[in-house]
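Worksheet for the structure shown next.
Because only heavy atoms are used, hydrogens play no part in the values below, and waters and symmetry mates are left out as well, while side chains stay in. Letters go in sequence order (proteins before strands), and every chain restarts at 1.
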Amino acid sequence: MTSWCVLSTRCEQFLFCNLWPAPCPTWQTKVCRKHEDSSFMRFSSMHLPTLKEVPSEAEVVSHRLMLRAGMIRRLAAGIYSYLPYGLMAIRRVENIVREEMNRAGAQEVLLPAVQPAELWQESGRWDFYGRELLRLKDRHQREFCFGPTHEEVITDLVRHEVRSYRQLPLNLYQIQTKFRDEIRPRFGLMRGREFIMKDGYSFDVDDAAAGRSYQLMREAYSRIFSRCGLNFRAVEADSGTIGGSFSHEFVVLADSGEDAVASCSACDYAANIEKAESRVPEAPAEIVEDLPAPEAVATPECAAVEEVAAFFQVAAGQIAKSMIFESDLGFCMVVVPGDFEVNEVKVRAALGAEWLEVPPPARVAEELGLPVGYLGPLEVSVPVLVDRRIPLVGTFVCGANRAGYHLRNVAWGRDLKADRLYDLVTVRPGDPCPRCEGKLRLDRGIEVGHIFKLGTKYSEKLKATFLDAEGEERLMIMGCYGIGIGRTVAAAIEQNHDENGIIFPWALAPFKVALLNLDPKSEEVTAAVETLYGDLEKRGVEVLYDDRGERPGVKFKDADLLGIPLRLTLGRKGFKKGIIEARSRNGVHDLELPLADRTPLWDLLRDLEADDSRLSSQ
RNA sequence: CGGGAUGUGGCUCAGCCUGGUAGAGCACUGCGUUCGGGACGCAGGGGUCGGAGGUUCAAAUCCUCUCAUCCCGACCA
C-alpha cells in the first residue's frame, strides 16, 4: 500500500483536498483506512449475502436484484436496511452529488430529522400535508413530525442568520433520511417510505438571481445523472400546489417507471405527461348552415363514449365527453373531445384548486341531480370548463343530463359557448408537438430528481427577509432541489441489467473488478492471484477478490449478479497458458491478458472507464 | 380508501377442503467424493404453523376477532 491514498471517489476527505491527485497533506502521513477496509475486499470476509432464490416480495427488476445481490433487506413496508454492498453503491451516488453540488457553489449541512409542529403550523402545512406526514409526540406531549422534506427547517435557519443582501445568494443542501408515509409503498427503494434524499435550497435577492440559481442547479443535475451513467431526460413538470414558475423533473427512462414522459421526436421538448401539451390546429370551427336544433335521442345502455359513438355511427372525437369534478372550490364540469382523456392535474391547475377528485356517481346524483353517463354541458348549474379542442369539433353529440338520452346536433358557438378555453386533456402518442412540426412520443420513466423555483411561498409564511442595498426589507426568493439517492441506484439497475444480474455503470460500481480465483487450493495459482490482487490494490483499483472455496460456477454467477464491470479470472488452465481471462460485464470486452505484464490490464481499465463516460454523455 | 390474496424453520413453498399433534427443496454444520457457469452422498441443527379467543377428547387444519405483508384499483360519462 502506498503511503497516501490514491483514490478519489470513496474518500470524503478528498472533497477538502485541492491538491489531489498529487499527494495530499492529510494522507501523506497515513494510509487511508477507508480504502483499505472497504474498497479491497475478500469475498470470504465480506458480508455479502447473495440469494439464489427471489424473495416473493419483489416485483420489479431493481428490487429483485438488490435483494439478491445482498444490497438491501426489508425491515417493514417501505423501510429497508442497507447492507455493505448496497451502501457502497449509495455512497457512490452521494459522492457524485456532493462533488457536483459543491462545484456549483452549494454548501452541505445536516438538518434535524425530527421537527417541531409549530414550524409546520407556521407554514400552514401541518394541516395541509395530510396522512403522509408522520406525526410524533415527545414525553411532554409536544407534537413533532419526522421530516418528509425540509423547507420549513432550512427557512427557519436562514431567517435567523441572514439579514443582508450581502449574505446572498446562499445555497445549502443536505443528504439525509426522510420519511413519507406513502399510501402504498412499493418496488423496494423506488417508492419507500423511509428513503435517502439530497435536498437543497437556494435563497436569492430577486427573481433574476433566483433564475440563475435554478439554472446552475439544472446544469449540476445534468452532470450528476450523466456521471451516474444514466439515460435521462430533464422534463418540464407540473409545479403542483407548490406554485412557482419553473419546475423540471429529471427522469430516467425505464419501462417499469411510474411516470410517463412525453417528448418530441424532432425538437428537445419534453414534459411530464401531467403537464405535456400538444399543438391544436388553428382550423376554425366549421359552422354548419341550417343545422337543426339539438335533439334528444333515446340512447339506452349507452354510457361510455365508445357505446355512444357506435350508437350514433360517429367517431369518438365527435362526442363531447363531460365529467363532473369536485374540488375545494365546489363542483364543476369538464368537457373534452371523446377521443381524449381528461387530465386531472391540468383541471386542478385551471381551477386553481388545492385538491380535486372525481365524486362517485351517487354523490353527483344526490348533490346535482345529474345522471353520470349521460352528462352534457348544456343548461347545467355548475361552472363548465371547456377544452380548447371542442371548437374544432364544431358539431357534436353530448349527454342530455337525463338518464338514457343524448343530444345530437349540438353546435359550438350556438348551443355551447365559453368565455375561456383551457387545455384539459392528456396528450397521446403521435399528437403534434407544441413547439415544432414533430410528433410526441410517450415513454415510461423514473423521477430521480426534481427542481422547483419556489418563489416566496415559504419566505413569506416564515418571514424570511433581508435588507437590500436601499435598506428596504424584502422577501428572499427560494428554490428547492431534490434527488432521490436510493431511487437513483434503483433506476440505474432498472436501466442496466440482464437476466444474470446487475450491470453497474462504472461510476456507481462499488467494485470495478471482480477477481476470481478458480483454484484456491492450488498454491501456485493462488500466489499469482494474490500478486494480482496486490497490484490492483496498489494501483487503486477497487476490487472484490473471490477467494472462497466455492465451485467456479458459483463465483461466475455471483460476479454476474453483483454487476462488477470487469471480471478477471485465473484458474489452473489459464495459469498454465500464462494468461488471465478478462471479461467486461457489459459483454463488450472478452479477452486474454498476459499474466506477466500488467500494462494491457491498466489499458483495459482505462478504456472501460472512458467507455462509460462516453456512454453517459450521449 | 375500495377490491383481491397471503401469513407454516433464514429463503421458496406443500400440508388445510376430508381435525389425530409438521414436511420438501434451497441455505446452514460435519465428513467424504467432486471442482471452468449456482455439484453429489451420508449424518446433523433449526419451526409449534402471524397473534388472541372459541369449537373439540384432539386444531397448522374449523369459527370469530386482530395484526402484518403483497397485488390491483382509486380515468368513469
Atom [atom1], compared across [N] and [M]: separation rounded to whole Å:
N: B:rU21; M: B:rU8; atom1: C1'; answer: 14 Å
N: B:rG25; M: B:rG47; atom1: C1'; answer: 16 Å
N: B:rC16; M: B:rG32; atom1: C1'; answer: 41 Å
N: B:rG36; M: B:rG73; atom1: C1'; answer: 50 Å
N: B:rC13; M: B:rC75; atom1: P; answer: 32 Å
N: B:rG23; M: B:rG15; atom1: C1'; answer: 7 Å
N: B:rC31; M: B:rU18; atom1: C1'; answer: 45 Å
N: B:rG54; M: B:rA59; atom1: C1'; answer: 11 Å

Looking only at the side chain of [X] (C-beta and beyond, no hydrogens), which of the listed nucleotides [options] gets closest?
X: A:Arg186; options: B:rG38, B:rC71, B:rG36; result: B:rC71
X: A:Ile183; options: B:rU69, B:rC1, B:rG38; result: B:rC1
X: A:Glu344; options: B:rC26, B:rC75, B:rG38; result: B:rC75
X: A:Asp560; options: B:rA39, B:rC75, B:rG37; result: B:rG37
X: A:Lys521; options: B:rG36, B:rU34, B:rC70; result: B:rU34

Next on the checklist: Nearest heavy atom decides the nucleotide; on that basis, is A:Arg68 or A:Ser322 closer to the 5' end of RNA chain B?
Outcome noted: A:Arg68
Item to check | Along RNA chain B (nearest heavy atom to each residue), the more 5'-positioned of A:Arg74 and A:Val342 | outcome: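 The residue whose closest nucleotide sits nearer the 5' end is A:Arg74.
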Pair assignment for [N], Watson-Crick or G-U wobble, requiring both distances under 3.5 Å:
N: B:rU33; answer: B:rA39
N: B:rC75; answer: none
N: B:rG25; answer: B:rC11
N: B:rU69; answer: B:rA5
N: B:rC57; answer: B:rG20

Note, [X] side chain near [Y] side chain (heavy atom, < 4.5 Å):
X: A:Val251; Y: A:Asp443; result: no
X: A:Pro359; Y: A:Glu367; result: no
X: A:Val252; Y: A:Gln495; result: yes
X: A:Leu424; Y: A:Arg389; result: no
X: A:Leu605; Y: A:Trp506; result: yes

Next on the checklist: If the condition is salt bridge (charged side-chain N to carboxylate O under 4.0 Å, His left out), which residues does A:Lys573 pass it with, not counting sequence neighbours?
Outcome noted: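 Applying salt bridge (charged side-chain N to carboxylate O under 4.0 Å, His left out) to A:Lys573 gives none.
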Item to check | For A:Arg191, salt bridge (charged side-chain N to carboxylate O under 4.0 Å, His left out) partners two or more places apart | outcome: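 Result, salt bridge (charged side-chain N to carboxylate O under 4.0 Å, His left out) vs A:Arg191: A:Glu182, A:Glu258.
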So what does [X] hit on the nucleic acid, given a heavy-atom distance under 4.0 Å: a base, only sugar-phosphate, or nothing?
X: A:Val364; answer: nothing
X: A:Glu581; answer: base
X: A:Asn500; answer: nothing
X: A:Val305; answer: sugar-phosphate
X: A:Asp519; answer: nothing
X: A:Gly574; answer: base
X: A:Gly373; answer: base
X: A:Gly571; answer: base

Checklist entry - Does A:Arg551 make a side-chain N or O approach to OP1 or OP2 of B:rG38 shorter than 4.0 Å? => result no
Item to check | Short side-chain N/O contact from A:Lys555 to OP1 or OP2 of B:rG36, under 4.0 Å | outcome: no
Between atom [atom1] in [X] and atom [atom2] in [N], what is the gap in whole Å?
X: A:Asp181; N: B:rC1; atom1: CG; atom2: C1'; value: 14 Å
X: A:Leu562; N: B:rG38; atom1: CG; atom2: P; value: 17 Å
X: A:Arg567; N: B:rG38; atom1: CZ; atom2: P; value: 13 Å
X: A:Arg572; N: B:rU34; atom1: CZ; atom2: P; value: 12 Å
X: A:Leu516; N: B:rG37; atom1: CG; atom2: P; value: 13 Å
X: A:Lys52; N: B:rC26; atom1: NZ; atom2: C1'; value: 6 Å
X: A:Arg585; N: B:rG37; atom1: CZ; atom2: P; value: 17 Å
X: A:Arg73; N: B:rU69; atom1: CZ; atom2: P; value: 18 Å

Next on the checklist: Could you go through A:Glu530 and A:Arg42, starting from their C-alpha distance and side-chain angles, then the distance that decides it, and tell me whether this counts as salt bridge (Lys or Arg N to Asp or Glu O under 4.0 Å)?
Outcome noted: CA-CA 11 Å; A:Glu530 291 281 351; A:Arg42 286 168 191 267; 2.9 Å; yes
Checklist outcome for this item: Residue pairs passing the side chain to side chain donor-acceptor pair (under 3.5 Å) test with at least one member in residues 304-321 of chain A, sequence neighbours excluded, are none
Item to check | Residue pairs, two or more places apart or on separate chains, that pass side chain to side chain donor-acceptor pair (under 3.5 Å) and touch residues 546-559 of chain A | outcome: A:Ser44-A:Asp547, A:Thr50-A:Asp558, A:Asp546-A:Arg548, A:Arg548-A:Asp558
Item to check | Interatomic spacing from CZ in A:Arg585 to CG in A:Asn500 - rounded to 0.5 Å | outcome: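 So the gap between those two atoms works out to 5.5 Å.
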Identify all pairs in which a protein N or O lies below 3.5 Å from an N or O of nucleotides 2-6 of chain B, and state each distance.
none

Item to check | Geometric class of the A:Tyr533/A:Tyr545 ring pair [parallel <30°, tilted 30-60°, perpendicular >60°] | outcome: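 Aromatic pair A:Tyr545/A:Tyr533 classed tilted.
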Item to check | A:Leu133: which of A:Trp120, A:Phe179, A:Phe146 passes side-chain contact (heavy atoms from CB on, under 4.5 Å) | outcome: A:Trp120
Taking N or O atoms only and anything under 3.5 Å, show me the protein contacts with nucleotides 40-45 of chain B, one pair per line.
none

